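Just below is one structure, and these are the notes that go with it.
Each ligand, and each atom within it, is numbered from 1 in the order the structure gives. It should be emphasised that the depicted structure is a prediction, and the values quoted were computed from it without experimental measurement.
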Amino acid sequence: MELLIKKGCIVNTDSTQQADVLCKDGKITAIGKDLEFDSKPDNIIDAGGCFLLPGGIDPHVHMHLPTHAGYSSDDFISGSKAALYGGTTTIIDFVTPQKGQSLAKAIELRKSEAKNCLTDFSFHVSPVEWRDSLKDEIKDCISLEGLRSFKVYMAYKDSIGLNDEALFKVMEVVGKSGGMLTVHCELGDEIDALRNQFASKNKLSPKFHPLSRPAELEAYAVKKAIDLAKKAQCSIYIVHVSAKKSLKFIQEAQENGQAVLAETCPQYLLLNDAYYKGEFEKTAAFVMSPPLRKKKDQKALWNGIDDKTIETIGTDHCAFNSAQKRMGENDFRKIPNGAGGVEHRLPLLYTYGVSKTKISLNRFVALTSTNAAKIFGLFPTKGTIAIGSDADILVWDPKIKNTISINNHHQNSDANIYEGMKTKGGPKMVIKNGTVVIENGQLIKNPEKGHFLKTNPF
Ligand code: URP
Ligand code: ZN
């Protein structure tokens, strides 16, 4: 099966060129101005007026996440379909074992839950407790399972969060094994104390959610993670950075040559804590951790993108229906945390980043695709338009307009935190593994199931 994409402008992180792209059997096989063929390709696309971008890679999604309010509302099929509509062709989700369960068993189960995923997919693996066997389990994840990224939580101490001692031990092992440790930085004990303090005073509405998770408690967690990782000689990647104060510690560490990488998400760039004012039905959708911050934090995050303190943008996609959010109607602590966004990441960043000249188009590609591929061992199979790479390509039309709404989104939820936001620029076509799967906003062909991606060997 051959596909020829003609007249597009190819944008990679370090180059922009007008050239045709030939794809064969899921791979990019030729790039050039006057490509020659033995026989006419099966499918020829005219991409005139459009950019050709590498398919988006979302390094932070939670599909089918078990919570006290039931599973998050997107499973791997609905969530990955939403991802494709928005130009994301690869997602990295999480393996979160039960306590006492081996990492290998948890990986096996999670792979089976993800088996019908429509995008390609990989995982970060979460040690949720310390045990001595983890030394070998983590090494086996890397050498046998092909998974070299791990995730620890400093919050959620009553379930999956690690204490400092366990965190340090995990860092030592991941560091020695050459893996990457992604870290959810919020000081769990202090947050739990604040949550309970508010509850004891009958302060139970969603507006107390952000007040119980202040920016300082994110920033001090970031500082602690950086200090522990330095001692443990472990590379860390701080997920969903939301606070200006956190950036200061990350910048300092980076200037000192420490391997500290940072991710933020569109919600922290584009929304702020004004959304917590009002009645439950309007505010519960915005309950996520970390919470939305202040305008000054948004500004600092854009600066952090500009000066490269932040190198990736994920979504932390974790959708819920309002009925699920309503579990916390009388107590904000019971509202399941999270919101969807996997479909909107690229159009939002293009509209509010590229078009507003906050970031260049090449930087957009780096932030939404290439950097995640490089950091998580998927490059150059993913994250670039180059000969030999997977043919995951977006035919990006800068003129496509949309108003984000629950009436036209594809995530499985009756809420959308971006409701009413306008975007200009989006994928006219989404090509996954050499096949057009989305055309003019329609899923034209049920895509083949996605592939589980092992990360590159060291
Ligand atoms: O509120 C959030 N972010 N929910 C998903 C789980 C997590 O903390 O990443
Ligand atoms: Zn998350």
Handout entry: Side chain proximity check, M421 to T403, heavy atoms < 4.5 angstrom
Key = no
Handout entry: Distance under 6.0 Å and angle within 45° of ring axis: K358 vs Y352
Key = no
Exercise for the section: Would you check if V174 and R148 make a side-chain contact, meaning some heavy-atom pair closer than 4.5 Å? Expected result: no
Completion exercise
Ranked by distance from atom 7 (C) of ligand 1, the top protein heavy atom is Y156 OH, 3.6 Å
Problem - Contacting atoms of ligand 1, where contact means under 4.0 angstrom from a heavy atom of D316 - result: 2 (C), 3 (N), 5 (C), 9 (O)
Problem - Sub-2.8 Å protein N, O or S atoms surrounding the Zn ion (ligand 2) - result: H60 NE2, H62 NE2, D316 OD1
Problem - Per-atom contacts, ligand 1 versus M288 - under 4.0 Å to a heavy atom - result: 1 (O)
Practice task
Before giving the answer on side-chain hydrogen bond (donor to acceptor under 3.5 Å, both in side chains), spell out for T312 and Y237 the whole-Å C-alpha distance, their side-chain angles and the decisive distance to 0.1 Å.
Solution key: CA-CA 10 Å; T312 58; Y237 172 102; 2.7 Å; yes
Problem - Protein contact to atom 1 (O) of ligand 1 [nearest heavy atom, distance to 0.1 Å] - result: S289 N, 2.8 Å
Practice task
Give the residue and atom name of whichever protein heavy atom lies nearest to atom 4 (N) of ligand 1, and the separation in Å to one decimal.
Solution key: N337 O, 3.0 Å
Problem - Heavy atom of the protein closest to atom 6 (C) of ligand 1 (residue, atom name, distance) - result: H62 NE2, 3.7 Å
Fill in the blank from the handout: Per-atom filter on ligand 1: closer than 4.0 angstrom to a heavy atom of H184 are 8 (O)
Completion exercise
Exactly one candidate in H184, H240, R213 meets side chain to side chain donor-acceptor pair (under 3.5 Å) with S289; the answer is R213
Exercise for the section: Side-chain contact test, heavy atoms from C-beta onward, threshold under 4.5 Å: evaluate it for V61 versus D58 and give yes or no. Expected result: yes
